[in-house]
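See below for the structure under consideration.
Position 1 is the first residue of the sequence; numbering continues from there. Since we're looking at a predicted model, the values are computed, not measured.
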Amino acid sequence: MAEQKKKQIPLRLSAKLYDAIAAWAEDDFRSVNGQIEYLLTECVRQRKKNGKYVSEHLDEPIELDIK
C-alpha cells in the first residue's frame, strides 16, 4: 500500500472549541489533530454515503456555548 501524504493547513479555532475537541480527543484516546481528522473524515464519508450534508442546516449558526 502506498504511503499517503497529508496536507498541512492552518486552522483557527476558538479556545472553547479547541478545549471541547481536546476533551473529546482525550476520551477517544486520540490527539487533537487526530480527532479533527476523524471528525472531518466522518462528515465526508456521511456525505458520500447519502449525498447530503450531515446537517441539512449546515449554514445556520450552531447553538453551542463554545465561542
Side-chain angles (χ1 to χ4, degrees):
M1 179 185 273
E3 180 181 331
Q4 292 183 352
K5 292 185 180 181
K6 295 187 178 189
K7 295 275 187 178
Q8 293 184 9
I9 60 166
L11 180 63
R12 293 187 187 115
L13 303 173
S14 70
K16 287 186 179 183
L17 178 56
Y18 180 89
D19 291 344
I21 292 172
W24 191 359
E26 188 174 321
D27 290 345
D28 289 351
F29 302 104
R30 291 189 182 100
S31 66
V32 172
N33 249 16
Q35 190 71 11
I36 292 169
E37 184 176 7
Y38 168 77
L39 294 170
L40 291 172
T41 300
E42 286 303 308
C43 287
V44 170
R45 185 176 290 135
Q46 183 67 32
R47 171 129 189 217
K48 285 181 179 181
K49 180 179 172 182
N50 64 17
K52 297 179 182 177
Y53 286 106
V54 173
S55 170
E56 293 184 10
H57 307 286
L58 189 62
D59 293 329
E60 295 175 11
I62 55 176
E63 298 288 331
L64 296 176
D65 188 22
I66 56 173
K67 291 183 182 178

task: For N33, look at atom CG and say whether over 12 heavy atoms of other residues, nucleotides or ligands are found less than 6.0 Å away.
output: no
- request: Report the distance from atom CD1 of I21 to atom NZ of K16, rounding to the nearest 0.5 Å.
  value: 14.5 Å
Are [Y] and [X] linked, directly or through intermediate hydrophobic residues, by side-chain heavy-atom contacts shorter than 4.5 Å (ILVMFWY only)?
X: Y38; Y: V32; answer: no
X: L11; Y: L39; answer: no
X: F29; Y: W24; answer: no

field: salt bridge (Lys or Arg N to Asp or Glu O under 4.0 Å) contacts touching residues 27-37 (sequence neighbours left out)
entry: K6-E37, D28-R30
query: Taking all non-hydrogen atoms of both residues, which atom of G34 and which atom of S31 are closest, and how far apart?
result: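 Heavy atoms only, the tightest pair is N-OG, 2.9 Å.
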